[in-house]
Amino acid sequence: MKVLGVAYEPRDAGELLRAASSLNAEFHILAAGRAAENAEEVSKYASKAYILKTKSPYSIFKAVESLVKQEGYKLVIGEGYRNLRDALSRVAGSLNMPMATDAYSLEVSGESVVVVRGFLSERARMKVEVPLPAIVLFTQRFTEPAEPLGHGSIVELKPEEGPERVVEVKPKAVGEVNLEEAEIIVGVGRGFRSKEDLKLAFELAELLGGQVGCTRPIAADLKWLSEDRWIGISGKRVSPKLYIAVGISGSPQHMSGVQNARIIVAVNKDKSAPIFKQADYGVVADLYQFLPVLIRKLREKLGR
Amino acid sequence: MDVIAVLVKASLNPDVIRVEPDGSIDVKSIPLKISDIDRNAVEEAVRLKQKLGWKLIAVSVATWGPISARMKDLKLAVQEALAKGVDEAIVVADDSITPGDQLTTAHAIKTALEREGVRPKLILAGEATIDEVSSQVPGRLAALLGYNYISFARRLEVEGGKVIAERDLEDYVEVVEAPLPAVVSVTQEINDPRPPTLLQIRRAARKPVKTVTSSELGGLEKPRRRILEVRGIQVKRKQVILEGDSLEEIAEKLIEALVKEGVLRL
Ligand SMILES: Cc1cc2nc3c(=O)[nH]c(=O)nc-3n(C[C@H](O)[C@H](O)[C@H](O)COP(=O)(O)OP(=O)(O)OC[C@H]3O[C@@H](n4cnc5c(N)ncnc54)[C@H](O)[C@@H]3O)c2cc1C
């Protein structure tokens with residue numbers, strides 16, 4: 001069987017190889033996005049690497065479509081970046097292939113593939129079976145990268161231009177955080193009334209040697225914090241030792257991003273907020289009253 | 001008259017799931033509701049309809065059966081769209097395509113539009129639904145219809161036969177233009193949907209809703225996905241509520257607990 005992995009970030013190549021290696025298959029990679037800028041690196045993880053220097057979902061769609069048609073790939077795998085969801089959903093439509101997204105694991109049995117995937121906004125897992133040929137998109141960073149194989153051949157493909165025209169590209173503002181590495185994270189939600197008030201959370205985080213993360217509305221709607229602090233199903237997945245959720249209701253979309261935290265503390269003034277069912281320690285209080293007290297107590301004990 | 005179509009899904013409501021003692025979930029026990037981001041799509045479609053003077057229809061395909069038990073929820077989801085300003089609705093409901101998959105849904109939408117003889121200039125959808133969260137249907141539909149596709153739009157305009165949209169990607173935003181006809185998926189940030197007023201809801205009762213079956217559409221693609229199992233994610237947290245006579249006392253207790261857990265060093 002032939003499997004095509006579509007890499008968008010350089011690190012995807014090794015992760016997709018790990019997923020493919022249990023399938024006893026011939027594994028090739030199509031590298032687009034930032035992965036295409038690292039052809040040498042990516043080609044270490046497959047016997048053949050196609051390089052497609054573009055982020056355009058139309059161009060990725062057309063390239064995968066023609067590779068599946070010409071080379072007979074039975075399974076196309078990738079990770080769930082927005083541009084890949086776009087490109088591969090079009091391949092699925094055009095070639096009438098089943099597609100499963102948000103996958104955590106995959107097995108091939110005979111002529112079908114069995115996938116365990118996120119379901120019900122990450123409140124459940126669904127195990128499904130679809131016939132091959134099929135497309136499977138994993139959640140980002142679903143596994144550790146495999147060891148490199150050596151050097152595969154490199155084939156550069158020319159991106160096919162689409163009917164759409166990109167008028168402007170604006171990089172997003174990034175803060176100086178790397179939440180994935182943080183041991184302690186103070187998460188802020190809409191319980192804060194203004195951007196200025198977030199300084200309470202920053203003060204607490206600094207005292208603990210941690211970072212500040214947030215819910216989607218804080219970054220995406222209110223734009224109080226940069227989007228690299230956004231935690232959840234459509235943001236970052238983090239795994240700190242300690243997550244302190246302040247003024248956060250506990251929606252499944254947010255909580256799926258912190259399920260690997262060892263200890264979760266919730267501060268919320270509503271005692272029936274769902275977050276308390278998903279926390280180890282809960283404090284029912286107004287954050288504006290509680291945080292200053294907590295900060296003062298910590299300062300006393302830490303002597304700072 | 002030019003037409004905008006908006007896709008509306010009656011989704012499983014993830015806020016009211018019941019996990020059985022053995023960890024399994026029976027999807028038949030979960031009620032349906034309009035998918036949250038479809039509300040954003042409807043709001044945007046109504047805004048564009050008013051601006052452009054086009055007709056606005058909603059298309060909804062039932063994914064979760066049995067239809068007889070689901071009809072009320074299916075109708076409610078569509079009623080909300082009608083109340084907000086959609087002119088009429090088509091609902092595809094047939095037990096032969098439930099539980100559905102995205103391949104079936106996209107195919108059913110295309111077939112229903114063709115049977116009705118409508119070729120929308122613009123089709124709007126939410127970036128994902130709250131049950132499947134897969135973002136597949138709009139892309140599949142665009143490919144099936146041969147339309148242009150703009151995904152994850154957080155701003156949208158239609159001008160001079162083109163859509164101009166701001167696509168919201170992980171680490172950048174891009175402004176793109178594409179000629180109509182097009183399918184556009186919108187993000188939650190595109191607008192702030194208001195619930196319909198009582199008057200709007202009452203008026204919507206008179207708007208036409210056409211419910212069609214697979215055979216009335218000349219047959220539909222059957223789902224290829226087989227659901228083997230659905231399991232709830234067990235949250236194994238301690239759920240200790242810290243109490244005390246004062247906030248000082250609670251703060252002390254919290255610090256003590258965190259030190260004991262080994263996640264805080266003093
Ligand atoms: C497809 C999809 C994807 C999504 N992806 C994400 C995601 O990746 N990340 C994410 O975070 N969200 C995501 N969301 C949004 C999510 O559903 C919630 O809307 C969001 O997480 C809520 O954020 P919040 O907890 O900050 O706000 P709210 O739900 O409004 O909660 C605010 C909380 O603050 C409390 N509060 C208010 N005032 C005070 C006070 N003075 N002191 C203490 N507590 C107070 C309130 O009791 C309330 O519980 C997604 C939604 C969808 C549909």
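To find a chain, count down the sequence lines: A is the first, B the second, and so on, and within it residues start at 1. Side chains are part of it too, since the values below use all heavy atoms of this structure and drop only hydrogens, waters and symmetry mates. Predicted, not measured: the structure shown is a model, and the values here were computed from it.
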### Query
At a heavy-atom separation under 4.5 Å, does B:Leu254 approach chain A through its side chain, its backbone, both, or neither?
side chain
### Top of A:Gln278, A:Met126, A:Glu164 for chain B proximity - count of heavy-atom pairs under 4.5 angstrom
A:Met126
### Pairwise distance CZ(B:Arg265) to CG(A:Leu208) - rounded to 0.5 angstrom
12.5 Å
### Message
If I measure from the heavy atoms of chain A, does B:Leu103 come under 4.5 Å with its side chain, its backbone, both, or neither?
### Response
side chain
Which side-chain N or O atoms in residues 114-121 of chain A pair as donor and acceptor under 3.5 Å with protein atoms at least two apart or in another chain?
| from | atom 1 | to | atom 2 | distance (Å) |
| --- | --- | --- | --- | --- |
| A:Arg117 | NE | A:Thr101 | O | 2.9 |
| A:Arg117 | NH1 | B:Glu132 | OE1 | 2.6 |
| A:Arg117 | NH2 | A:Thr101 | OG1 | 3.3 |
| A:Arg117 | NH2 | B:Glu132 | O | 2.8 |
| A:Ser121 | OG | A:Gln253 | NE2 | 3.3 |
| A:Ser121 | OG | B:Ile130 | O | 2.8 |

### Task
Taking the side chain as every heavy atom from C-beta outward, state whether A:Met99 and B:Asp101 have any atom pair closer than 4.5 Å.
no
### Task
Drop me the distance from A:Leu302's CG to B:Leu266's CG, to the nearest 0.5 angstrom.
5.5 Å
### Side-chain heavy-atom pair A:Val166, B:Val175 within 4.5 angstrom cut-off
no
### Salt bridge flag under 4.0 Å for residues B:Asp171 and A:Arg34
yes
### Query
Which atoms of B:Ile25 come close to chain A, meaning under 4.5 Å heavy atom to heavy atom: side chain ones, backbone ones, both, or neither?
side chain
### Query
Is A:Arg85 paired with B:Glu127 through a side-chain N to carboxylate O contact shorter than 4.0 Å?
no
### Message
Can you pull out every side-chain hydrogen bond (donor to acceptor under 3.5 Å, both in side chains) where at least one residue sits in residues 279-299 of chain A? Sequence neighbours excluded, please.
### Response
A:Asp197-A:Tyr288, A:Glu203-A:Arg299, A:Asp280-B:Arg237, A:Tyr281-B:Glu261, A:Arg296-B:Glu248, A:Lys297-B:Glu252
### Query
Within the side chain of A:Arg82, is there an N or O that forms a donor-acceptor pair under 3.5 Å with the backbone of B:Asp168?
yes
#### Entry: B:Val163 portion near chain A, given a 4.5 angstrom heavy-atom threshold
neither
### Task
Under the side-chain contact (heavy atoms from CB on, under 4.5 Å) rule, what do A:Met97 and B:Arg224 come out as? Steps first, then yes or no, please.
CA-CA 9 Å; A:Met97 289 160 84; B:Arg224 308 228 187 124; over 6 Å; no
### Task
Measure distances from B:Asp15 to the heavy atoms of chain A and classify the residue's part below 4.5 Å as side chain, backbone, both or neither.
both
### Partner chain B: residue of A:Lys241, A:Glu168, A:Arg123 with the largest heavy-atom pair count (under 4.5 Å)
A:Arg123
### Task
Give, as side chain, backbone, both or neither, the part of B:Ile17 having an atom under 4.5 angstrom from any heavy atom of chain A.
side chain
### Task
State, yes or no, whether a side-chain contact exists between A:Leu298 and B:Leu264 at a heavy-atom distance under 4.5 Å.
yes
#### Entry: pair B:Arg167-A:Pro57: side-chain heavy atoms closer than 4.5 Å
yes
### Top contributor to chain B interface from A:Ile233, A:Ile184, A:Asp102 [non-hydrogen pairs under 4.5 Å]
A:Asp102
### Query
Quick check: does any side chain N or O of B:Gln239 sit under 3.5 Å from a backbone N or O of A:Lys277, one acting as donor and the other as acceptor?
yes
### Query
So which part of B:Ile30 gets closer than 4.5 Å to some heavy atom of chain A, the side chain, the backbone, both or neither?
side chain
### Task
Can you tell which part of B:Glu243 gets under 4.5 Å to a heavy atom of chain A, answering side chain, backbone, both or neither?
neither
### Query
How about B:Leu258 and A:Val265: do any of their side-chain heavy atoms sit closer than 4.5 Å?
yes
### Task
Compare all side-chain heavy atoms of A:Lys172 with those of B:Val173 and state whether any distance is below 4.5 angstrom.
yes
### Message
Within this structure, what is the OG-CG distance for the pair B:Ser135 and A:Leu88, rounded to the nearest 0.5 Å?
### Response
12.0 Å
### Task
Drop me the distance from B:Glu256's CD to A:Lys301's NZ, to the nearest 0.5 angstrom.
8.0 Å
#### Entry: Reported CG-to-OG distance for the pair B:Leu144 and A:Ser94, which is rounded to 0.5 angstrom
8.5 Å
#### Entry: B:Ile164 versus chain A, the contacting section by heavy-atom distance below 4.5 Å
neither
### Query
Have A:Asn83 and B:Glu170 got a donor and an acceptor in their side chains that come within less than 3.5 Å?
no
### Query
Is any side-chain heavy atom of A:Arg90 less than 4.5 Å from a side-chain heavy atom of B:Tyr149?
yes
